[in-house]
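In what follows, a single structure is set out as structure tokens and then discussed.
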Amino acid sequence: MAFPFRLFMPDCRSAFRELLPFLSIPNRYDIVRMAVFIVFCGMAFVPTRALAQDSNSPAAQQETSPAGMRMDIHMPTNVDQQNKLQLPSPHEGSGTGWQPASVAGPEWMWMRGGWMLMAHGVIFTDYNQQGGPRGEGKAESVNWGMLMEQHQLGKGTILFRQMFSAESLTSPHPGFPELFQTGETYHGEPLVDHQHPHNVFAELSLFYTVPLAKKLSWEFYGGPSAEPALGPVTYIHRASAAELPLAPLSHHLQDSTHTSFGVVTTGFIIDRVKLEASAFNGHEPNEERWSIQLAGLDSWSTRASVAPTRNWAAQYSIGRLEHPEALEPGDQLRQTASIEYNRPLDTGSWATTLVWGRVHEFATDTNVSATNLNGYLLESTLNFRRRNYAFSRLELVDKDELFPEAPVHPAYRIGAYTFGAERDLMQRGITQDRSWRLGLGADVTVYSKPAVLDATYGNYPVSFQIFLRLRPGGTDQRHTH
């Protein structure tokens, strides 16, 4: 079967140059442009005949393990250290964050000239119906694709990441409908009951690690679009949230800095503990989702992480964000703590995450007191019998932006309880480690809220989604690097 686009890492730059003329068309939401751009973002996980022919070459066969997984048998020293210590893989987290080492991400991997190349991502195509008077129903697509390139550099290893999203073209106006969600703006107004689309350039970064001693390594990370050491692994990359299309309501209290335009992070890995600090641009992205909005590194964060076993990872982080909100002049102090657990099963896995996040908003008016907003999240995804998934997300979160036009902004404690299931309908591809999976799923969300909100949101709003999910089939082998 032939495909119109090739998956081959060096071609991505030229493919994007071909797409640039489309971005100058006044109507950004033209259907043809949308289709072309989705294909571009989907190049990271569409198998092609060219790749199949490449994989049959003698050089490629020499770099392929008996199990069909391309691996470099001469990995750098610090990667060998990670094997011995069984530390989390940098390929399965976000930024420099750690997920449990036993997490097996659905991604493709292959070797070319000493480079380990990786590609993964997901496309959700769904109908989203939010309940109550403020709810609405929309067809939409949540999507992202990531490319990674790793090579030995001196005594260490350098890893490049590029993450793209077409959500600026595939989200409805003003964003993805989501009851009680807040954060960022649309046409200069606060975005309420909608989740904003992610930026085209969601990550452009490099990650360098080098061993200094037997159980000591140094890391350096950063880029024009990157993630500071603040918060848990972002929900986009968490194994426990892999089947949930929508963002958590607590996103802006926990992991919203995952796309920051200007980040520098450094730290040390001491045995199974990592200590790190970041300087970064604390301003949230504006409405120009296709641009990179660089500014001064005016904010800071620090994080301590621990991975006591292959199945567990935890972190605590704190940071100060200078003027993060476009429409609010104040600064924020953010704290987060999280625990992640992943249990491999014979025919699947069980991933669970518990997160707490708090934002302290500094008062800018002497007549207004500072406020604390808390968000609590518990989410879990069970993959059983390979093709079946059951998932849930339970949240309690404080929201003070539901009525931006009001003279005062009290915080309301909102509960959102999501339950869903999914089944892989098919897996197709050249080989198992070059395949893609198409799944069909649905979820339903019910809420708790103060009675004072009944007139606005209804007594018992209920929301649901029905979706198709496309992503790489990957391999059953788990990372040990």
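Only a predicted model underlies this, so the values are computations on that prediction, with no experimental measurement involved.
Scanning all heavy atoms of the two residues, the minimum distance from Val397 to Leu249 falls at CG1-CB, 3.8 Å. Here the shortest heavy-atom pairing between Leu468 and Leu440 reads CD2-CD1, 3.9 Å. Contact record, Asn311 with Ser102: OD1-OG, 2.9 Å, taken as the closest heavy-atom pair. Heavy-atom minimum distance, Gly97 versus Val233: C-CG2, 3.9 Å. The nearest pair of heavy atoms linking Asn388 to Asn383 is O-ND2, 3.0 Å. For the pair Asp346 and Arg386, the tightest heavy-atom approach, listed with the atom from each and the gap, is O-NH2, 3.8 Å.
With respect to Asp443 and Arg393, no salt bridge is recorded, no charged nitrogen being found less than 4.0 Å from a carboxylate O. Salt bridge status for Arg289 with Glu167: absent, with no side-chain N to carboxylate O gap under 4.0 Å.
Partners of Phe180 according to the ring pair (Phe, Tyr, Trp, His ring centres under 6.0 Å) rule, which considers only residues two or more places apart in sequence or in another chain, are Tyr447, Tyr457. Considering only residues two or more places apart in sequence or on other chains, Thr353 meets the side-chain contact (heavy atoms from CB on, under 4.5 Å) condition with Arg238, Ser240, Glu340, Val355, Glu379.
Just one of Glu140, Gln195, Lys138 meets the side-chain hydrogen bond (donor to acceptor under 3.5 Å, both in side chains) condition when paired with Asn128; it is Glu140. When the options Glu149, Glu227, Glu203 are evaluated for a side-chain hydrogen bond (donor to acceptor under 3.5 Å, both in side chains) with Arg161, the one that passes is Glu203. Tested against Arg471 for a salt bridge (Lys or Arg N to Asp or Glu O under 4.0 Å), the candidates Glu422, Glu243, Glu107 yield a single pass: Glu243.
Between Tyr221 and Phe207, the ring-plane angle classifies as perpendicular under the 30° and 60° cut-offs. Under the 30°/60° scheme for interplanar angles, the aromatic rings of His120 and Trp144 are found to stand perpendicular. In this structure, His196 and His252 have perpendicular ring planes: the angle between them is above 60°, well past the 30° mark. His251 and His198 have perpendicular rings, their planes meeting at more than 60° on a 0 to 90° scale where under 30° would count as parallel. Taking the six-membered ring where tryptophan is involved, the planes of Tyr235 and His258 are perpendicular, since the angle between them exceeds 60° and thus also 30°.
A donor atom on one side chain and an acceptor atom on the other are found under 3.5 Å apart for Ser256 and Arg334. Checking Trp218 against Thr209 by side-chain atom types alone, no donor-acceptor pair falls below 3.5 Å.
In terms of modelled atom types and a separation under 3.5 Å, the side chain of Ser301 and the main chain of Ala229 share a donor-acceptor contact. Under a 3.5 Å cut-off, the side chain of Ser317 and the backbone N or O of Gly231 do form a donor-acceptor pair. A distance-only check finds a donor-acceptor pair linking the side chain of Ser89 to the backbone of His91 [under 3.5 Å].
Relative to the ring axis of Tyr389, Arg469 places its NZ or CZ within 45° and under 6.0 Å from the centre.
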task = Please assess Phe220 against Tyr208 for the test ring pair (Phe, Tyr, Trp, His ring centres under 6.0 Å), listing each intermediate value before the final yes or no.
result = CA-CA 5 Å; Phe220 176 85; Tyr208 181 67; 8.3 Å; no
